Amino acid sequence: MTSWQQDPFFQYPRTPVTTSAGQVDMPILYFDNSQWMCLFWADLMAAKTLVAQGLEVLSFGGKALVGVAFYEYRGSSIGAYNEVGVAIACVPKGVAAPCWPLLSLLRHPDHNVVGLYIIDLPVTTEAACAAGREIWNYPKFVTPISYQAQGKHFSGAVQHPEGGADILRLAGKAGLGLPYNVIDLVLYSKHLGQRLRTNVNTRGRAQAALGGSLRLHLPATQHPMAQRLANLGLDGKKPFAVIHTDKLQLRLNSGAPLDA
């Protein structure tokens, strides 16, 4: 028996789901992983055009909150792969936004209505792509993704599936930071006409830091992912905060319908 099988964090009932790339047991378990999650202030009106109907983009002093996160999954129940997520902070329409929405992101998912709507989610394997698209309708596509991290330094890129210039690059050194726990996530999506809410339970010690010299660049502006990031005003931008760790573990749960 492996150590993760003896760990209560991963000892959850699991249900098989069939995808076009094979069977996936839910929740998906991630045992050994790294993360660089950068947070940006973005154009609010552009963000509103990118989320699904039934969701409301949160305003942070007239700006939208956008996360761009690089993940290196070295060990998961669907294999090893890399992933990059671009997501916008929002709440379901008709739900009152909290007075301090940024602080709400730090709450346990059971007590949090603030979530993230993913607008792009490239991955490096067909299995991860099929699971994301067919279980949650996440906007996944398969392409090479580089991930290099050492201490406060990071360099990552999403390559264009057809070659040529990268879709996006993120590189630099994180600024001053403090030890911090990784944050749980609430993800919203729309699948088969239903809004879904998905809780992602996480654990791991991280560094929460200022953006330092990190910058996001969009070399291949003709790709739809780059165009969305450019419309949000993020080309050449520095994140206001970054959370990074090489000790990330998580459970990616099934989505719960909000319209039942």
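Source: prediction; values computed, not measured.
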Undergrad: Got Leu44 and Lys63 here, is their nearest side-chain heavy-atom distance under 4.5 Å?
TA: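 No, side chains not in contact.
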
Undergrad: Quick one: pull up CG in Leu232 and CG in Asp43 and give me the separation to the nearest 0.5 Å.
TA: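 With rounding to 0.5 Å, CG (Leu232) is 7.0 Å from CG (Asp43).
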
Undergrad: Just how far is it from atom CG of Leu214 to atom OG of Ser155, taken to the nearest 0.5 Å?
TA: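 Between Leu214 CG and Ser155 OG, I get 10.0 Å after rounding to 0.5 Å.
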
Undergrad: Is Pro27 close to Arg14 at the side-chain level, that is, under 4.5 Å between some pair of heavy atoms?
TA: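 Side chain of Arg14 against side chain of Pro27, heavy atoms only: contact under 4.5 Å found.
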
Undergrad: Report the distance from atom CD1 of Ile135 to atom CG of Asn253, rounding to the nearest 0.5 Å.
TA: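 So the CD1 of Ile135 and the CG of Asn253 are separated by 11.5 Å.
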
Undergrad: Let me confirm one number: the CG-CZ distance from Leu216 to Arg169, rounded to the nearest 0.5 Å.
TA: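 That separation rounds to 11.5 Å.
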
Undergrad: Find out if a path of hydrophobic residues (ILVMFWY) with successive side-chain heavy-atom gaps under 4.5 Å connects Val123 to Val17.
TA: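 Result: yes, single cluster for both.
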
Undergrad: Which atoms form the tightest heavy-atom contact between Pro161 and Ile167, and what is the distance?
TA: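 Heavy-atom minimum between the residues: CD-CD1, 4.0 Å.
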
Undergrad: List the steps, then state whether side chain to side chain contact (heavy atoms under 4.5 Å, CB included) holds for Phe40 with Val68.
TA: CA-CA 8 Å; Phe40 296 85; Val68 178; 3.8 Å; yes

Undergrad: Decide if atom CD of Gln222 counts as having more than 12 heavy atoms of other residues, nucleotides or ligands within a radius under 6.0 Å.
TA: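 More than 12 heavy atoms, drawn from other residues, nucleotides or ligands, come within 6.0 Å of this atom.
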
Undergrad: Quick check on the hydrophobic clustering: are Trp100 and Val114 connected, directly or via other members, by side-chain heavy-atom contacts under 4.5 Å?
TA: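 Yes; tracing contacts between hydrophobic side chains, which count when under 4.5 Å, links both residues.
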
Undergrad: Do you know the tightest heavy-atom contact between Leu218 and Ala226?
TA: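 Where Leu218 meets Ala226 most closely, the heavy atoms are CD1-O, 3.6 Å.
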
Undergrad: State, to 0.1 Å, how close Phe70 and Ala157 come at their nearest heavy-atom pair, and which atoms those are.
TA: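 Looks like CE2-N, 3.4 Å.
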
Undergrad: More than 12 non-hydrogen atoms from neighbouring residues, nucleotides or ligands closer than 6.0 Å to NZ on Lys237, yes or no?
TA: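 Count not over threshold, so no.
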
Undergrad: Mind checking what makes ring-ring contact (aromatic ring centres under 6.0 Å, His included) contact with Tyr138, not counting sequence neighbours?
TA: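 Result, ring-ring contact (aromatic ring centres under 6.0 Å, His included) vs Tyr138: Trp136.
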
Undergrad: Could you state whether Leu65 and Val95 fall into the same hydrophobic cluster, counting links through intermediate Ile, Leu, Val, Met, Phe, Trp or Tyr residues with side-chain heavy atoms under 4.5 angstrom apart?
TA: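 Yes; tracing contacts between hydrophobic side chains, which count when under 4.5 Å, links both residues.
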
Undergrad: Using the rule that Ile, Leu, Val, Met, Phe, Trp and Tyr join whenever any side-chain heavy atoms are under 4.5 Å apart, tell me whether Ile243 and Phe240 fall into a single cluster.
TA: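 Yes, Ile243 connects to Phe240 through the hydrophobic network.
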
Undergrad: Show your reasoning for whether side chain to side chain contact (heavy atoms under 4.5 Å, CB included) applies to Tyr71 and Asn33.
TA: CA-CA 7 Å; Tyr71 295 95; Asn33 319 282; over 6 Å; no

Undergrad: Quick one: ring-ring contact (aromatic ring centres under 6.0 Å, His included) partners of Phe141, sequence neighbours excluded?
TA: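 Listed in chain order: His223.
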
Undergrad: Quick one: does any side-chain atom of Asp235 pair with a main-chain N or O of Ala230 as donor and acceptor, under 3.5 Å?
TA: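 Judged by distance alone, no pair lies under 3.5 Å.
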
Undergrad: According to ring-ring contact (aromatic ring centres under 6.0 Å, His included), who are the partners of Phe31, at least two apart in sequence or on a separate chain?
TA: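 So Phe31 forms a ring-ring contact (aromatic ring centres under 6.0 Å, His included) with Trp4, Phe10.
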
Undergrad: What heavy-atom pair brings Gly236 and Arg215 nearest, and what distance separates the two atoms?
TA: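 Looking at all heavy atoms of both residues, the shortest contact is O-CD, 3.5 Å.
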
Undergrad: Does some side-chain heavy atom of Cys38 sit less than 4.5 Å from a side-chain heavy atom of Leu170?
TA: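 In contact.
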
Undergrad: Not counting sequence neighbours, which residues clear salt bridge (Lys or Arg N to Asp or Glu O under 4.0 Å) with Arg228? List them please.
TA: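 Applying salt bridge (Lys or Arg N to Asp or Glu O under 4.0 Å) to Arg228 gives Asp120.
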
Undergrad: Kindly compute the distance separating CG (Leu185) from OG1 (Thr198), expressed to the nearest 0.5 Å.
TA: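 Going from CG on Leu185 over to OG1 on Thr198, the span is 11.0 Å.
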
Undergrad: Cationic tip of Arg195 within the cone over Tyr188's six-membered ring, i.e. under 6.0 Å and within 45° of the normal?
TA: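 No, cation not above the ring by the 6.0 Å, 45° rule.
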
Undergrad: Could you walk me through whether Lys152 and Gln207 pass side chain to side chain contact (heavy atoms under 4.5 Å, CB included), step by step?
TA: CA-CA 9 Å; Lys152 293 184 176 183; Gln207 282 280 317; 5.6 Å; no

Undergrad: State whether the number of non-hydrogen atoms from other residues, nucleotides or ligands found under 6.0 Å of Glu162 atom CD is greater than 12.
TA: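 No, because the 6.0 Å sphere around CD of Glu162 holds 12 heavy atoms or fewer from other groups.
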
Undergrad: For the atom pair SG (Cys90) and CG (Leu50), what is the distance rounded to the nearest 0.5 Å?
TA: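 Interatomic distance, Cys90 SG to Leu50 CG, rounded to 0.5 Å: 11.5 Å.
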
Undergrad: Just wondering, do Pro239 and Leu39 contact through their side chains at under 4.5 Å, heavy atoms?
TA: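 Not touching, per the 4.5 Å side-chain cut-off.
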
Undergrad: Side chains of Gln35 and Thr202, heavy atoms from C-beta outward: is any pair under 4.5 Å?
TA: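 SC-SC contact between Gln35 and Thr202 ruled out.
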
Undergrad: Work out which heavy atom in Leu116 is nearest to a heavy atom in Ala87; give both atom names and the distance.
TA: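 Heavy-atom minimum between the residues: CB-CB, 3.8 Å.
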
Undergrad: What residues form a ring-ring contact (aromatic ring centres under 6.0 Å, His included) with Phe60, not counting sequence neighbours?
TA: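 ring-ring contact (aromatic ring centres under 6.0 Å, His included) check on Phe60 returns Trp41.
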
Undergrad: Shortest non-hydrogen contact from Asn112 to Arg197?
TA: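 That would be O-NH1, 2.8 Å.
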
Undergrad: Taking salt bridge (Lys or Arg N to Asp or Glu O under 4.0 Å) as the definition, give me every residue that meets it alongside Glu72, ordered by chain and number, with sequence neighbours left out.
TA: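 Glu72: salt bridge (Lys or Arg N to Asp or Glu O under 4.0 Å) contacts with Arg74.
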
Undergrad: Under the criterion side chain to side chain contact (heavy atoms under 4.5 Å, CB included), which of Val142, Thr124, Thr19 is the partner of Cys129?
TA: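 When side chain to side chain contact (heavy atoms under 4.5 Å, CB included) is applied between Cys129 and each of Val142, Thr124, Thr19, only Val142 qualifies.
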
Undergrad: Please confirm whether the ring centroid of Phe154 lies under 6.0 Å from the ring centroid of Tyr147.
TA: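 Phe154 vs Tyr147: aromatic centres under 6.0 Å.
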
